[in-house]
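Report on the following structure.
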Amino acid sequence: MCRSWTFIYKKLVTGGLETFILRLCAFVSEHNVKCKIITNELSATMLEQLSECGTYVCKIKKWNFKNISKNIETGDIVIVFSIPIFAFLKEKFLYNKIILYCVHPYHLTLQDRKNNHTTKLKRIVFRYLIRTGNETGNIIYMDRTIRNAVFEFYGMENKEQGIVFHLPFEDTDLRKEWKDGENFLILTVCRADFPFKSYVIGLIDAVKRLKMEGYNIKLNIVSYGKDIRQIKERIYGQDFIQLIGEIEYDKLAQIYLNADINVGMGSTVIEASKYGIPSIQAKVNSPECGTCGFFHENPEGYGEYEIHEDGKAVYEQLKFVLDRGKKYLSEIGKRSRKIFEEEYIINGYYKKIEAHEIKGQKIIDSLLHRMIYSLYFIK
């Protein structure tokens, strides 16, 4: 058994990746394994929740590789989310289980960065590190969509070499209780981070349009963050739309259970399916709120980042389910729950990480790559 599970993430607020870390910390602690977070900044809400589940929080004022490595012990399982930290720790702690868990292709392809000479050079290094990291078993992908996007971007073959462990969630006995009635409650839970999660703008417009057409609907938005003002301006004067700010993770359950359908991306889609609530999956970087279908039809469509011409707008998808009523929603909610049971329960993820074998070999094995590595990753 390892000394501890250690997560390294620079800024912890309440979001999909952060709640993944929180869930896993709570689960690991319940199994009498030490759990630690190394961070530079975190919200008061996250600090409180991590402390409650027995996680040690190590807050580093000066965020650099040297200070990070001081807080890692031989034998720790270390889970990181960025290439630079992964590359440094893999070299320094050769026989630790260092895992780069990729939850979005941009984390490995830098497509969200300005396409300048520095970015292009980093991509050359990243391609090498990703290829060797796949070979050693250090890189694990959240789903096949993300893995395939990374492999395609770098022109790498043999996609099956990329290991996939689906995002883990705690199970619950709570289930959506469906009641007859004309009122429909739509839910979305997202960080106000545009354009990445700008789908909420298109969702608001779609709900307004459906309301004008006579549908008896309401929309709850759980959101916070740097672009929250845009949401507030969009919903001003609309009494059928409620904005709920940042809340503790364990208080989200009742908000999900009150909803009839969820619209979202990432972990919120899985959260909804846990309670037997169907989801329409929104596309990344899609202010018009394009979709990639329903979760029960496309279980790995909750993180697609390209806009496909055949993707239906959220207005069409909502109209489709509203016209069929709550009986139809309950049926597809049951299908969503079944997928959750088969793929996303946390105990399976924990066991897979514990049993996962990694090759103890250096990933920087040539003079050229060693020189580039030294320029970018040694600080």
Side-chain angles (χ1 to χ4, degrees), residues 11-23 42-50 52 169-170 172 174-179 181 183-211 215-282 286-287 289 295 302 314 318 322 329 333:
K11 186 176 180 180
L12 281 163
V13 293
T14 303
L17 181 55
E18 293 86 345
T19 51
F20 152 71
I21 294 172
L22 178 62
R23 283 193 302 274
L42 75 167
S43 69
T45 301
M46 282 299 296
L47 177 60
E48 180 182 354
Q49 292 178 98
L50 288 166
E52 286 177 357
F169 290 80
E170 284 279 9
T172 180
L174 296 171
R175 298 288 184 277
K176 168 70 178 178
E177 293 184 7
W178 296 93
K179 299 177 182 178
N183 183 63
F184 287 85
L185 179 57
I186 302 162
L187 172 68
T188 192
V189 182
C190 70
R191 188 173 62 254
D193 181 7
F194 302 159
F196 181 47
K197 299 192 177 185
S198 57
Y199 77 85
V200 69
I201 298 299
L203 173 60
I204 292 168
D205 291 345
V207 170
K208 288 180 182 178
R209 180 179 172 184
L210 288 164
K211 188 72 174 178
Y215 288 92
N216 192 3
I217 56 175
K218 292 184 178 180
L219 171 63
N220 278 352
I221 303 172
V222 179
S223 189
Y224 60 92
K226 65 182 182 69
D227 295 307
I228 195 68
R229 184 176 177 179
Q230 291 188 47
I231 296 177
K232 290 180 178 179
E233 291 174 350
R234 206 83 172 191
I235 67 173
Y236 181 76
Q238 311 295 324
D239 59 3
F240 56 93
I241 303 177
Q242 180 183 9
L243 176 61
I244 304 169
E246 181 182 7
I247 62 174
E248 292 183 4
Y249 174 71
D250 59 3
K251 293 181 180 178
L252 275 173
Q254 193 56 52
I255 290 175
Y256 278 109
L257 290 166
N258 289 338
D260 295 307
I261 187 161
N262 176 64
V263 179
M265 50 183 277
S267 61
T268 64
V269 173
I270 315 301
E271 285 279 10
S273 70
K274 177 171 70 174
Y275 300 107
I277 299 162
S279 286
I280 296 170
Q281 300 173 124
S286 178
C289 198
F295 174 71
Y302 52 79
V314 73
L318 283 172
L322 292 173
L329 285 169

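What you see is a predicted model, and the numbers here were worked out from it, not measured in a lab.
Residues Ser273 and Phe169 have side chains not in contact (no heavy-atom distance under 4.5 Å, counting atoms from C-beta outward). Looking at Ile186 and Asn220, their side chains never come closer than 4.5 Å, going by heavy atoms from C-beta outward. In this structure, Val189 and Ser223 have side chains that are not in contact, with every pair of non-hydrogen atoms separated by 4.5 Å or more. Under the 4.5 Å side-chain criterion, counting only non-hydrogen atoms from C-beta, Phe184 is not in contact with Asn216. Using a 4.5 Å cut-off on side-chain heavy atoms (C-beta onward), Val207 and Tyr215 make no contact. A 4.5 Å side-chain heavy-atom check between Ile261 and Leu329 finds at least one atom pair inside the cut-off.
We find the CG-CD1 distance between Leu203 and Ile201 to be 9.5 Å, quoted to the nearest 0.5 Å. Put simply, NZ on Lys211 and CD1 on Ile217 are 6.5 Å apart, with the number rounded to the nearest 0.5 Å. With values rounded to the nearest 0.5 angstrom, Arg175 atom CZ is found 10.0 Å from Lys274 atom NZ.
The residue from Leu318, Ile221, Leu187 that alone fulfils the side chain to side chain contact (heavy atoms under 4.5 Å, CB included) condition with Val263 is Leu318. Across Leu17, Leu12, Leu50, a single residue satisfies side chain to side chain contact (heavy atoms under 4.5 Å, CB included) together with Leu22, and that is Leu50.
Considering only residues two or more places apart in sequence or on other chains, Gln254 meets the side chain to side chain contact (heavy atoms under 4.5 Å, CB included) condition with Leu257, Asn258. Applying the ring pair (Phe, Tyr, Trp, His ring centres under 6.0 Å) rule to Phe196 yields the partners His104; only residues at least two apart in sequence or on another chain are considered. Residues that satisfy the side chain to side chain contact (heavy atoms under 4.5 Å, CB included) test with Pro195, not counting sequence neighbours, are Ser198, Asn285. With sequence neighbours excluded, no residue satisfies side chain to side chain donor-acceptor pair (under 3.5 Å) with Thr268. Applying the side chain to side chain donor-acceptor pair (under 3.5 Å) criterion to Ser279, with sequence neighbours excluded, gives Asn262. For Lys218, the side chain to side chain donor-acceptor pair (under 3.5 Å) criterion is met by no residue, not counting sequence neighbours. The side chain to side chain contact (heavy atoms under 4.5 Å, CB included) test applied to Ala206 returns Val314, Tyr315, not counting sequence neighbours.
Salt-bridge annotation for Arg23 and Glu271: present, with a side-chain N of the basic residue lying under 4.0 Å from a carboxylate O of the acidic one.
Among residue pairs with one or both ends in residues 257-269, those qualifying as salt bridge (Lys or Arg N to Asp or Glu O under 4.0 Å) are Lys176-Asp260, Asp260-Lys326; sequence neighbours excluded. Sorted by first and then second residue, the salt bridge (Lys or Arg N to Asp or Glu O under 4.0 Å) pairs with a member in residues 243-258 form an empty list; sequence neighbours excluded. Within the structure, the ring-ring contact (aromatic ring centres under 6.0 Å, His included) test picks out the following pairs touching residues 243-279 (sequence neighbours left out): Tyr256-Tyr275. Within the structure, salt bridge (Lys or Arg N to Asp or Glu O under 4.0 Å) contacts touching residues 187-199 (residues at least two apart or in different chains) are Arg191-Asp193, Asp193-Lys226.
A donor-acceptor contact shorter than 3.5 Å links the side chain of Gln49 to the backbone of Thr45.
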Point to revise | Derivation and outcome, side-chain contact (heavy atoms from CB on, under 4.5 Å), residues Ile280 and Phe295 | key: CA-CA 6 Å; Ile280 296 170; Phe295 174 71; over 6 Å; no
When the side chains of residues 232-245 are checked against the rest of the protein, which donor-acceptor pairs come out under 3.5 Å, sequence neighbours left out?
| unit_1 | atom_1 | unit_2 | atom_2 | d |
| --- | --- | --- | --- | --- |
| Glu233 | OE2 | Arg229 | NE | 3.1 |
| Arg234 | NE | Asp205 | OD1 | 3.2 |
| Arg234 | NH2 | Asp205 | OD2 | 2.7 |

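Considering every non-hydrogen atom in both Cys289 and Tyr199, the closest pair reads CB-O, 3.3 Å.
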